[in-house]
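Scope of the values below: all heavy atoms of this structure, side chains included, with no hydrogens, waters or symmetry mates.
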Amino acid sequence: MFPIRDHNPSGRTPYVTYALIALNVVIFIGYWPLFNDARALNQFFFDWAMIPARVTQMGEYSGLFTSMFLHGGLMHLVGNMLFLWIFGDNMEDRMGHLPYLAFYLVSGMGASLAQVLAGPLSMVPMVGASGAIAGVMGGYLLLFPFARVDILVIFIVFFRIITIPAAILLVLWFATQLFSGIGVDAGNGGVAYWAHAGGFVIGAALTLPLFLRLGGRRFWNMTDGKPPHPEADYTYRRTSIPRVRYPK
């Protein structure tokens with residue numbers, strides 16, 4: 001199963017999310033011809049991807065950043081951009097454009113470091129925005145656990161769209177990444193489960209100060225489709241981050 005949309009409108013245009021999606025697509029189109037030449041593609045990824053052994057043995061850290069904008073195939077790109085499209089706009093709305101961009105980049109680089117720690121001597125290149133997007137998902141879980149998310153369930157020839165709370169989807173996704181990471185050798189390639197799990201935790205941790213500033217659990221009373229406190233007075237700053245005054 002995978003999400004196709006959420007029912008959680010944002011209060012501002014998510015310019016940074018749009019720009020990140022566009023940048024990933026443009027970069028992918030730029031090296032798309034290399035997929036016809038395996039040797040050239042491998043060399044390209046060797047130069048620009050994140051390779052754990054090059055970080056730990058050679059001190060080359062540029063791949064922690066550049067790998068976030070590379071993808072190993074069309075479906076890899078489409079899947080990541082779909083998740084960013086669904087969850088990114090609400091995080092950008094609450095954080096503001098530039099703080100959200102910094103949050104995204106730090107989550108992505110932190111996710112790459114988590115993969116390095118899991119397989120420090122691996123020479124397998126890691127590419128993809130999924131670590132940064134996992135950070136967005138971790139923050140979304142903290143801020144919008146009760147938001148409704150439509151997911152497409154596929155079972156052989158059975159297709160159905162159902163709506164569930166975001167918390168169920170995100171917790172199941174995180175648990176899958178965590179237990180899959182425990183069950184495989186991080187140095188042998190495949191899915192970068194530890195980058196996903198690490199990015200998710202980092203994103204939640206980076207979002208925690210904002211969550212507390214918004215009122216902690218009381219913030220949920222005015223979001224995610226739950227009715228607001230009947231006596232709460234809501235005012236908005238220009239940043240669209242609500243200031244809530246609750247009755248004593």
Side-chain angles (χ1 to χ4, degrees), residues 16 19-21 23-28 30-32 34-35 37-73 75-77 79-81 83-84 88 91 98-139 173-208:
V16 173
L20 289 170
I21 293 173
L23 182 59
N24 277 276
V25 171
V26 168
I27 290 175
F28 183 79
Y31 67 86
W32 171 259
L34 297 180
F35 282 91
D37 185 340
R39 183 174 181 178
L41 182 64
N42 289 336
Q43 183 61 50
F44 176 79
F45 283 151
F46 183 81
D47 291 338
W48 297 101
M50 194 286 292
I51 300 176
R54 293 178 66 175
V55 175
T56 59
Q57 303 299 309
M58 303 174 63
E60 296 183 2
Y61 299 101
S62 60
L64 299 175
F65 176 80
T66 57
S67 63
M68 285 189 285
F69 301 96
L70 306 177
H71 290 84
M75 294 308 298
H76 187 202
L77 172 70
N80 278 346
M81 295 304 101
F83 274 72
L84 182 56
M91 293 299 295
L98 292 181
Y100 168 74
L101 177 60
F103 163 82
Y104 179 91
L105 296 176
V106 171
S107 294
M109 290 186 286
S112 293
L113 285 175
Q115 190 66 27
V116 170
L117 293 175
L121 300 180
S122 174
M123 285 296 296
V124 178
M126 188 192 83
V127 297
S130 52
I133 297 169
V136 173
M137 294 164 65
W173 184 89
F174 174 71
T176 299
Q177 307 309 306
L178 183 62
F179 287 109
S180 296
I182 294 173
V184 302
D185 185 349
N188 288 337
V191 178
Y193 292 113
W194 288 111
H196 297 170
F200 192 94
V201 172
I202 291 169
L206 291 174
T207 306
L208 182 59

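Proximity of the aromatic rings of F28 and F35 is defined here by a centroid distance below 6.0 angstrom, and this criterion is met.
Annotation: side chain to side chain contact (heavy atoms under 4.5 Å, CB included) contacts of F65 (sequence neighbours excluded): M68, F69, L105, M109. S130 is linked by a side-chain hydrogen bond (donor to acceptor under 3.5 Å, both in side chains) to H196, counting only residues two or more places apart in sequence or in another chain. Remark: A204 pairs with no residue by the side chain to side chain contact (heavy atoms under 4.5 Å, CB included) rule, at least two apart or across chains. Residues that satisfy the side chain to side chain contact (heavy atoms under 4.5 Å, CB included) test with V201, not counting sequence neighbours, are F174. Listed by chain and residue number, T176, Y193 satisfy the side chain to side chain contact (heavy atoms under 4.5 Å, CB included) test with S180 (two or more places apart in sequence, or in another chain). Residues meeting the side-chain hydrogen bond (donor to acceptor under 3.5 Å, both in side chains) test with Y104, sequence neighbours left out: none.
Pairs of residues two or more places apart, or lying in two chains, that qualify as side chain to side chain donor-acceptor pair (under 3.5 Å) and include a residue from residues 45-56 are Q43-D47, R54-E60. Pairs passing the side chain to side chain donor-acceptor pair (under 3.5 Å) check and including a residue from residues 62-73, sequence neighbours excluded, read H71-N80.
Of the inter-residue distances, the one linking I51 atom CD1 with Q57 atom CD reads 12.5 Å to the nearest 0.5 angstrom. The structure places CG of L70 at 5.0 Å from CZ of F44, a figure rounded to the nearest 0.5 Å.
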Query raised in the report: Run the side chain to side chain contact (heavy atoms under 4.5 Å, CB included) check on I133 and F200 step by step: do they pass?
Result: CA-CA 8 Å; I133 297 169; F200 192 94; over 6 Å; no
**Report entry** Test side chain to side chain contact (heavy atoms under 4.5 Å, CB included) applied to V116 and M126, step by step
**Finding:** CA-CA 10 Å; V116 170; M126 188 192 83; over 6 Å; no
Report task. Tell me, with the steps shown, if D37 and L41 meet side chain to side chain contact (heavy atoms under 4.5 Å, CB included). Result -> CA-CA 6 Å; D37 185 340; L41 182 64; over 6 Å; no
Requested in this report: Just do the side chain to side chain contact (heavy atoms under 4.5 Å, CB included) check on V16 and L98 with the steps written out, would you?
Outcome: CA-CA 8 Å; V16 173; L98 292 181; 5.8 Å; no
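Counting all heavy atoms, side chain and backbone alike, A114 lies closest to G198 at CB-CA, 3.9 Å. The two atoms that bring F45 and G72 nearest to each other are CZ-CA, 4.3 Å, heavy atoms only. In terms of heavy-atom proximity, Q177 sits nearest to A197 at CB-N, 4.3 Å. Between L34 and A40, the closest heavy-atom pair is CD2-CB, 3.9 Å. Of all heavy-atom pairs spanning S107 and G203, the tightest one is OG-CA, 3.9 Å. Considering all non-hydrogen atoms of both residues, L20 and N24 come closest at O-ND2, 2.7 Å.
W32 is not listed as a side-chain neighbour of I27, based on a closest heavy-atom distance of 4.5 Å or more.
Ring planes of F83 and W173: tilted class, angle from 30 to 60°.
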